[in-house]
Protein chains: 2
Amino acid sequence: MAKASREPKISAEEATARLRHAGLRPTRQRVELAGLLFQDGDRHVTAESLHDEVSGAGVKVSLATVYNTLHQFTEAGLLRQVIVDAARSYFDTNTGDHQHFFLEKEGLLIDIPGETIAVAGVPAPPPGLSVDRVDVVVRVRRN
Amino acid sequence: MAKASREPKISAEEATARLRHAGLRPTRQRVELAGLLFQDGDRHVTAESLHDEVSGAGVKVSLATVYNTLHQFTEAGLLRQVIVDAARSYFDTNTGDHQHFFLEKEGLLIDIPGETIAVAGVPAPPPGLSVDRVDVVVRVRRN
DNA sequence: CAACGAATTAGAACAATTCTAAACTGTGAG
DNA sequence: CTCACAGTTTAGAATTGTTCTAATTCGTTG
């Protein structure tokens, strides 16, 4: 009953290939984490939540490694960091152009596809600066 | 040369009035902090930066009080909290509708007036949720 | 001006994250 | 197949920003 309602992990082979592609050595831990993260389209994890998940799956990975891995994946373009909460960092497996709903009370992030929202009128940044990207966070609450 | 290039502090009387208006007891520390914060239109501070500033001005206020005060001011609607950096919280003296440029490397926030940016196409939130507000952060870098 | 509740404070405590130094493990060379 | 080495992992300590605690001090009202 309390079975995880998620698609089966991607295979170790797929994960390995993905890691090599990104220039990362496919270690046991990275393969394991990639397997969990990239099993389906959209996941939002924190270091803690991912650590709990991987631990719960009976795999031994230290929290430090989870942090390292999340950052390496992010640098490699496999993940994107989402800053919506002062308390913790979220990582999103959707690296494409999109935005988020955020339910602060529950730490819940929901993707909004990139084409859905249009941001018009962003002024030119002050001289010497250039736009890196535009983040939209739609903060919501339970009613 | 190294003189602060900021307008003179608002008077203690002004600050006091403002605090009373917001239903806050005008204590020495709150008057002092309000004096620094509301001297001109747009300021973006962190607890640390404000503490350094007030300390530098020779006033003795504990860091705990700065934190307390920033939160109380925020609750009272005198400040607005801005979440753009996983590492620290910013507080903005501009409580009106507006958005931000953010230069992460330097922790620099720049206001973008509310009318400037238009966000279109925000989808209805999932059932049971309602929109609290829409934040836009234009992340910029030095070039 | 007394008294009481509100505010301040130093320092401890906390949570998330990063660092450190030592042990371990992929990988490519031989 | 095995070695050696750079890259990785790890436990635990350290750091950072923030909150809490309990005792002291202060503003306000009577």
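Chain identifiers are assigned alphabetically (A, B, ...) following the order of the sequence lines, protein sequences preceding nucleic acid strands; residue numbering begins at 1 within each chain. Computed from heavy atoms alone, side chains included, the values below leave out hydrogens, waters and symmetry copies.
Between the side chains of B:H44 and B:D111, a donor-acceptor pair is found at a separation under 3.5 Å. With 3.5 Å as the limit, one finds a donor-acceptor pair spanning the side chains of A:H98 and A:D92.
Here the P atom of nucleotide D:dG27 and the CD atom of B:E32 are 12 Å apart, to the nearest Å. In this structure, CG of B:D52 is placed 14 Å from P of D:dT16, rounded to the nearest angstrom. Here D:dC26 presents its C1' atom at 15 Å from CG of B:L19, a figure rounded to the nearest Å. In this entry the distance linking NE2 of A:H51 with C1' of C:dA16 reads 14 Å, nearest Å. Look at CZ on B:F73: it is 11 Å from P on C:dA7, rounded to the nearest Å. If you take CD of B:Q72 and P of C:dA6, they are 13 Å apart, rounded to a whole angstrom. Rounding to whole angstrom units, CG of residue A:N68 and P of D:dT10 are separated by 9 Å. In this structure, the CD atom of B:Q29 is 5 Å from the P atom of C:dT8, given to the nearest Å.
The 5' end of DNA chain D is approached more closely, in terms of each residue's nearest nucleotide, by A:R25 than by the other of A:R25 and B:R88. Mapping B:R20 and B:T46 onto DNA chain D by nearest heavy atom places B:T46 at the nucleotide closer to the 5' end. Residue whose closest nucleotide on DNA chain C sits further toward the 5' end, between B:A86 and B:V61: B:V61.
Across every non-hydrogen atom of B:R88 and B:T46, the tightest pair is CD-CG2, 3.6 Å. Counting all heavy atoms, side chain and backbone alike, B:D85 lies closest to A:I83 at N-CG2, 3.8 Å.
Residue A:A87 is in sugar-phosphate contact alone, with no base atom involved, counting any heavy-atom pair closer than 4.0 Å across all strands shown.
Residue B:E75 places its CD atom among 12 or fewer non-hydrogen atoms of other residues, nucleotides or ligands, all under 6.0 Å distant.
Taking the side chain of A:L63 as heavy atoms from C-beta on, and the options C:dT17, D:dA11, C:dG26, the nearest nucleotide is C:dT17.
For the pair A:T65 and D:dT8, the criterion of a side-chain N or O lying under 4.0 Å from OP1 or OP2 is not met. OP1 or OP2 of C:dC24 has not a single side-chain nitrogen or oxygen of A:K60 nearer than 4.0 Å. Between A:T27 and D:dT9, a side-chain N or O to OP1/OP2 separation shorter than 4.0 Å is present. Taking only side-chain nitrogens and oxygens, A:Y67 never comes nearer than 4.0 Å to OP1 or OP2 of C:dT18. Checking the phosphate oxygens (OP1, OP2) of D:dT9, a side-chain nitrogen or oxygen of A:R30 falls inside 4.0 Å. Between A:H71 and the phosphate of C:dT17, there is no side-chain N or O to OP1/OP2 separation shorter than 4.0 Å.
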